[in-house]
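Data first, discussion second: the structure below is written as structure tokens.
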Number of protein chains: 2
Amino acid sequence: MSASEDLLQLLTALGHPVRLRVLAELAEGRVHVSELARRAGVSRPLLYMHLERLEAARLVEGRLELSDDGKAMKYIELLPFDLRLTIDTVLAALRADDQEGPTDVQETPR
Amino acid sequence: MSASEDLLQLLTALGHPVRLRVLAELAEGRVHVSELARRAGVSRPLLYMHLERLEAARLVEGRLELSDDGKAMKYIELLPFDLRLTIDTVLAALRADDQEGPTDVQETPR
DNA sequence: TTCACCTGTTAGATCACTCTGACAGGTGAT
DNA sequence: ATCACCTGTCAGAGTGATCTAACAGGTGAA
């Protein structure tokens with residue numbers, strides 16, 4: 001994945017009210033899926049969709065664990081992130097594309 | 001507009017490849033709409049749509065000017081922005097909502 | 001067995017965003 | 001008058017993200 005695609009994935013992952021809310025709920029500590037769905041006020045299947053995006057952007061990580069009483073629980077935890085968002089950030093990401101990826105995708109000529 | 005809506009608007013405005021590209025083109029200096037459309041490789045009507053979002057997020061500003069030879073030209077210029085993106089940024093935005101907006105929108109009960 | 005929890009997936013509706021093509025208007029130069 | 005630029009808007013098509021309802025499976029406790 002190119003640098004700008006990376007940046008885009010992060011930005012679009014953060015750019016949704018439910019996902020912001022989910023991150024906020026996770027700030028205090030890890031929570032299992034069903035409980036997280038209740039706290040965020042979202043259905044569980046929908047939460048799975050949002051978690052997929054958050055996980056793909058490496059904002060969140062899930063681990064399936066067996067609790068003491070033998071029940072399967074999937075705990076989601078927040079991964080640390082710190083992004084400085086400036087025009088230079090944007091320029092750097094786009095310029096990195098030209099380097100790292102000499103893909104043979106058709107270039108748009110000047 | 002609430003603090004989190006503000007943040008969301010900024011994030012979603014940045015979260016699109018064409019808009020990132022547009023910002024990059026504007027980094028060197030202001031450009032008029034038609035020229036900007038060519039450089040970004042987008043049709044002019046489409047560019048208008050993207051500019052609307054960028055302008056709403058205060059990332060960009062447009063000014064209609066009369067050039068020396070009497071032609072109307074709309075120049076777009078980049079507005080400075082600098083956002084630190086951290087879990088605390090997110091928390092701050094969401095917490096600010098509870099303060100500033102004692103709107104009577106139905107609260108989701110615990 | 002039934003109840004209350006849990007995980008995980010799917011099909012399909014709905015909605016917002018994105019994008020194209022066509023239109024109407026203006027200027028100055030040939 | 002025609003050409004080459006410019007600004008601005010619109011209806012509609014297409015697409016992808018979002019969301020709901022329903023399903024199938026598991027555990028432990030009453």
Side-chain angles (χ1 to χ4, degrees), chain A residues 1 4-5 8-23 25-26 30-57 59-77 106 108, chain B residues 1 4-5 8-23 25-26 30-57 59-77 108 110:
Chain A
M1 174 140 58
S4 74
E5 280 172 338
L8 255 330
Q9 191 171 41
L10 188 56
L11 288 172
T12 56
L14 288 168
H16 191 285
V18 167
R19 292 193 286 267
L20 282 191
R21 176 81 181 273
V22 165
L23 292 181
E25 293 294 343
L26 291 174
R30 57 181 219 163
V31 182
H32 67 84
V33 175
S34 289
E35 176 62 18
L36 187 54
R38 281 189 291 266
R39 292 196 197 172
V42 189
S43 74
R44 206 163 42 84
L46 183 54
L47 179 59
Y48 270 99
M49 188 275 279
H50 287 301
L51 286 177
E52 212 170 285
R53 285 176 83 80
L54 288 171
E55 221 164 349
L59 285 169
V60 131
E61 204 177 67
R63 239 191 320 275
L64 185 63
E65 293 178 21
L66 245 35
S67 67
D68 294 339
D69 58 347
K71 283 179 181 164
M73 308 279 272
K74 184 168 190 179
Y75 281 97
I76 311 296
E77 79 178 290
Q106 188 144 23
T108 42
Chain B
M1 172 139 61
S4 73
E5 279 173 338
L8 256 329
Q9 191 170 41
L10 187 57
L11 288 171
T12 56
L14 288 168
H16 191 284
V18 168
R19 293 195 284 268
L20 282 190
R21 175 79 180 274
V22 165
L23 292 180
E25 293 294 343
L26 291 174
R30 55 181 220 162
V31 183
H32 68 84
V33 176
S34 289
E35 177 62 18
L36 187 54
R38 281 189 291 267
R39 292 194 198 172
V42 189
S43 74
R44 206 164 41 82
L46 183 54
L47 178 59
Y48 270 97
M49 186 277 279
H50 286 302
L51 286 178
E52 212 170 285
R53 285 177 81 80
L54 289 171
E55 222 164 347
L59 285 168
V60 132
E61 203 177 68
R63 238 190 320 275
L64 185 63
E65 292 177 23
L66 246 33
S67 67
D68 294 339
D69 58 348
K71 283 179 183 164
M73 308 279 271
K74 184 168 190 179
Y75 282 97
I76 310 296
E77 79 177 290
T108 42
R110 279 275 270 158

side-chain hydrogen bond (donor to acceptor under 3.5 Å, both in side chains) partners for B:Glu25, two or more places apart: B:Arg21
Nucleotide nearest A:Arg38 (side chain, heavy atoms from C-beta), chosen from D:dC6, C:dC6, C:dT7: C:dC6
Whole-Å distance separating the CE atom of A:Met73 from the C1' atom of C:dC5: 9 Å
B:Ala56: partners by side chain to side chain contact (heavy atoms under 4.5 Å, CB included), with sequence neighbours left out: B:Gln9
Note, A:Arg30 side chain near A:Glu65 side chain (heavy atom, < 4.5 Å): yes
Separation of C:dT7 C1' from A:Glu35 CD (nearest whole Å): 15 Å
Spacing between A:Leu64 atom CG and C:dT9 atom C1', to the nearest angstrom: 15 Å
Atom-pair distance (NE2 on B:His32; C1' on D:dA4), nearest Å: 13 Å
A:Ile76 CD1 - C:dC6 C1' separation (whole Å): 13 Å
Rounded interatomic separation in angstrom, taking CG from A:Leu51 and C1' from C:dT9: 15 Å
Atom-to-atom span, CG of B:Leu8 to C1' of C:dC17 - whole angstrom: 15 Å
Any residue meeting side-chain hydrogen bond (donor to acceptor under 3.5 Å, both in side chains) with B:Asp68, in chain and number order, not counting sequence neighbours: none
Protein-to-nucleotide contact annotation, 5' to 3' order, nucleotides 19-30 of chain C [B base; S sugar-phosphate only; - none; under 4.0 Å, heavy atom]: BBBB----BS--
Protein-nucleotide distance (B:Arg21, atom CZ; C:dT18, atom C1'), rounded to Å: 17 Å
Closest to side chain of B:Arg53, choosing from C:dT9, D:dT18, C:dC17: C:dC17
Show me the donor-acceptor pairs, under 3.5 Å and distance only, between side chains in residues 43-55 of chain A and residues at least two apart or in other chains.
from    : atom 1 : to      : atom 2 : distance (Å)
A:Ser43 : OG     : A:Leu46 : N      : 3.4
A:His50 : ND1    : A:Arg19 : NH1    : 3.0
A:Glu55 : OE2    : A:Gly62 : N      : 3.3

Distance below 4.0 Å between B:Ser34 side-chain N/O and D:dT7 OP1 or OP2: yes
All salt bridge (Lys or Arg N to Asp or Glu O under 4.0 Å) counterparts of A:Glu5, not counting sequence neighbours: none
Heavy-atom check, side chain of B:Ile76 versus side chain of B:Val31, under 4.5 Å: no
Sugar-phosphate, base or nothing in reach of B:Arg63, heavy atoms under 4.0 Å: nothing
